[in-house]
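What follows is one structure encoded as structure tokens, with my remarks underneath.
The model shown is predicted, which means the values in this text are computed figures rather than measured ones. Protein chains get the first letters and strands the later ones, always in sequence-line order, with residue 1 at the start of each.
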There are 2 protein chains.
Amino acid sequence: MGNTTIKILAKELNLSVASVSKALRDSHEISHETKQKVLALARKMNYVPNPYASSLRRRVSKTIAVVLPEVADSFFSLAINGIESIAEERGYHVLIYLTHESFAREKAILNEFKSGRVDGILISVSGETCDSSHIKEVAAEGIPVVFFDRICEDIETARVVTDDFESGYVAAAHLIEKGCKKIAFLSTSTSLSISNNRMQGYKKALKDHKMKMSGHDIVLCGNDPDENYRIIKNLLKKKQRPDGIIASVEKLTAAVYLACKDLTLTIPKNVKLISFTNLPTALILNPPLTTITQPAFEMGKTAAAVLFTALGKSNNELKEETVVIPSTLTVRSSTGC
Amino acid sequence: MGNTTIKILAKELNLSVASVSKALRDSHEISHETKQKVLALARKMNYVPNPYASSLRRRVSKTIAVVLPEVADSFFSLAINGIESIAEERGYHVLIYLTHESFAREKAILNEFKSGRVDGILISVSGETCDSSHIKEVAAEGIPVVFFDRICEDIETARVVTDDFESGYVAAAHLIEKGCKKIAFLSTSTSLSISNNRMQGYKKALKDHKMKMSGHDIVLCGNDPDENYRIIKNLLKKKQRPDGIIASVEKLTAAVYLACKDLTLTIPKNVKLISFTNLPTALILNPPLTTITQPAFEMGKTAAAVLFTALGKSNNELKEETVVIPSTLTVRSSTGC
DNA sequence: GTTCCTGGCGAAAACGGTTTCGTAAATAAA
DNA sequence: TTTATTTACGAAACCGTTTTCGCCAGGAAC
């Protein structure tokens with residue numbers, strides 16, 4: 001609207017737009033007094049530079065994109081907080097996109113980024129994503145892409161993850177230690193790196209402890225809570241029901257509690273449960289839940305920091321590193337005796 | 001980088017950039033065949049228009065800002081989902097900003113928007129916000145601002161809220177009905193409209209039921225969980241301890257459960273509890289929690305929809321309306337007998 | 001007195017689209 | 001045949017900022 005522009009400032013001060021622009025950017029070509037005058041007027045008129053004009057000319061947008069499957073999960077909420085805190089520090093803006101676990105949507109979103117809308121991308125891939133060519137394409141345009149949490153194995157770039165394999169191992173080992181003889185592993189995806197790593201850790205733990213494992217112990221759930229409830233209930237109704245459960249995804253937790261309640265199975269007496277979750281309410285569940293919590297906030301912060309070091313360089317080059325921030329096991333009564 | 005621009009398309013097709021631009025925008029000035037040719041090449045070369053060039057000239061950014069106090073709360077997570085779903089439908093991009101409940105930060109963020117970075121704003125004000133001049137300023141620039149959930153009373157614009165007063169009333173009335181004689185109201189802010197409305201509803205219910213109320217029954221908590229825990233524990237240690245508690249903010253819930261546990265007070269026998277929360281785990285708490293749940297997703301969607309109807313108009317004028325989407329009471333054992 | 005810097009500034013060309021206006025050719029109306 | 005209108009396109013201005021050059025004055029070096 002009636003926005004003050006550089007042109008207006010220039011006219012007011014009898015200067016050229018070039019000089020005003022330089023003064024505002026603190027160029028050495030401009031004398032100290034002139035800078036003072038410009039700054040003073042800019043402040044007085046509440047001049048806010050048009051970011052798009054600047055972006056167009058300088059070919060940087062001071063904006064990053066965060067691409068997530070969903071934000072209903074407490075992990076991603078915390079991650080956003082971490083990302084935003086770093087971005088704000090650096091004067092960057094944060095665009096957020098949700099894929100709703102759809103590969104097609106993820107592709108479309110990424111494709112848009114070829115236009116220069118963002119300087120860098122933080123992404124946690126959708127559950128459907130197996131091919132990473134869409135990511136390679138934008139990376140090829142010189143836009144740094146940092147993966148966090150849910151990564152793509154087949155592309156060499158920066159990643160910030162947690163120790164999913166070890167956590168899966170720890171979770172299973174903990175249940176074994178607590179006396180479980182038959183441990184079920186609940187998952188919602190077979191393609192996702194994190195799910196697989198957790199599962200591999202689980203398998204390794206069973207193997208190391210000489211426990212036999214049937215394929216039936218790995219249970220694939222979906223996105224629908226009711227459906228998941230049925231699946232888990234069926235699992236617990238079996239003659240050969242598990243005496244230990246690993247919920248490798250936060251949203252499967254409630255279904256386990258409910259199914260146990262309905263079947264009058266007691267946690268931890270009949271079934272011991274450990275969940276991968278960041279829910280702040282784990283402590284007040286009935287019984288309090290043993291958890292593997294991911295360092296969500298830290299992961300967000302770190303991923304953003306990694307991205308910004310790349311953006312700090314002239315070539316935007318990303319160090320091809322994998323930062324691992326460990327998850328932590330918190331033992332509570334759901335696995336106690 | 002090696003981005004294809006209109007200029008490149010034009011050269012390739014022996015057309016002027018003007019014609020290519022018009023063809024891409026489906027102008028009637030361009031013949032059908034030419035349009036086809038342009039579209040075909042654009043697709044083939046994966047042309048993605050530079051959004052900032054377009055924004056600069058057209059003075060619209062196809063971007064909205066969402067300003068939130070925090071996203072660690074399940075309410076705001078769901079709201080973001082709602083907002084994003086509508087924005088995506090309309091082809092808008094979503095910038096997210098967190099104030100961390102700081103008024104200064106909120107002011108700084110809003111001030112930035114005078115530059116034309118966004119076409120519209122969705123905001124849920126910080127707990128510190130009492131003055132709304134910073135919001136009026138950007139509204140005066142012709143940028144529509146829609147409040148959701150946490151509104152500013154002293155500015156006439158569009159608002160999407162839930163029925164906080166009624167919910168406060170319902171919560172208190174429910175506890176009264178369940179036999180509570182002394183009901184404490186836990187809050188984290190006295191300035192926030194939603195907190196006040198909930199509290200007024202609570203007061204009205206007490207009055208209507210001829211219950212006396214001491215000022216001590218309204219307990220102000222803070223942002224620090226440990227601090228809140230101490231406050232609530234002290235409340236429950238009193239000789240005159242409440243037999244009913246309304247937690248008007250989600251994050252106060254856990255503290256109540258923990259304090260009760262530590263003091264070996266049983267919910268609901270000794271203390272009945274009702275919480276304002278969207279936590280999906282309410283059902284599996286010990287005991288299951290009676291809740292007032294806000295329609296977070298719906299509120300986000302509606303707020304976005306209201307904003308977009310304004311953006312659809314040529315003058316961006318916002319209908320000065322207050323949309324109320326009711327919260328729902330879900331009775332569970334934490335208030336049962 | 002030249003020549004050479006150097007400090008401080010302005011003119012103008014970008015950046016990549018959009019939009020206004022002009023115009024040539026084709027068609028319609030007179 | 002002449003005039004009006006429509007169709008399809010191009011030239012150029014424009015959005016607001018940045019950046020490259022070029023220029024001039026004044027001081028230093030010779």
Ordered by number, residues from residues 35-45 of chain A within less than 4.0 Å of DNA chain D (heavy atoms) are none
Readout for nucleotides 16-21 of chain D: B = base within 4.0 Å of protein heavy atom, S = sugar-phosphate only, - = neither; 5' to 3' it is BBBBBB
Measure [atom1]/[X] against [atom2]/[N] and give the value in whole Å, please.
X	N	atom1	atom2	result
Leu15(B)	dA11(D)	CG	C1'	14 Å
Lys62(B)	dG17(C)	NZ	C1'	16 Å
Asp26(B)	dA8(D)	CG	P	13 Å
Leu13(B)	dA8(D)	CG	C1'	15 Å
Leu9(B)	dG17(C)	CG	P	8 Å
Ile30(A)	dT6(C)	CD1	C1'	14 Å

Quick note, side chain to side chain donor-acceptor pair (under 3.5 Å) partners involving residues 7-18 of chain A, not counting sequence neighbours, are Ser16(A)-Ser19(A)
Side chain to side chain donor-acceptor pair (under 3.5 Å) pairs touching residues 64-83 of chain B, sequence neighbours excluded, are Ser77(A)-Ser77(B), Glu70(B)-His100(B), Ser74(B)-Glu250(B)
Determine which pairs satisfy ring pair (Phe, Tyr, Trp, His ring centres under 6.0 Å) with at least one residue from [range], sequence neighbours left out, and list them in order.
range	answer
residues 103-159 of chain A	Tyr97(A)-Phe113(A), Phe103(A)-His134(A)
residues 294-325 of chain A	Tyr92(A)-Phe308(A)
residues 44-91 of chain A	Tyr52(A)-Tyr52(B)

Residues in residues 112-121 of chain A with a heavy atom under 4.0 Å of DNA chain C, by number, are none
Can you list the residues that meet the side chain to side chain donor-acceptor pair (under 3.5 Å) rule with [X], with sequence neighbours excluded?
X	result
Asn316(B)	none
Thr63(A)	none
Ser54(A)	none
Glu88(B)	Arg105(A)

Check your understanding: Mind checking whether Pro51(B) and Lys62(B) have side chains closer than 4.5 Å, heavy atoms only?
Key -> no
CD of Glu101(A) to CG of Leu98(A), rounded to nearest 0.5 Å, is 10.5 Å
dC9(C) phosphate, OP1 or OP2, under 4.0 Å from Ser31(A) side-chain N/O: yes
*Looking across every strand, which nucleic acid part, if any, lies under 4.0 Å from Thr34(B) by heavy atom: base, sugar-phosphate, or nothing?*
sugar-phosphate
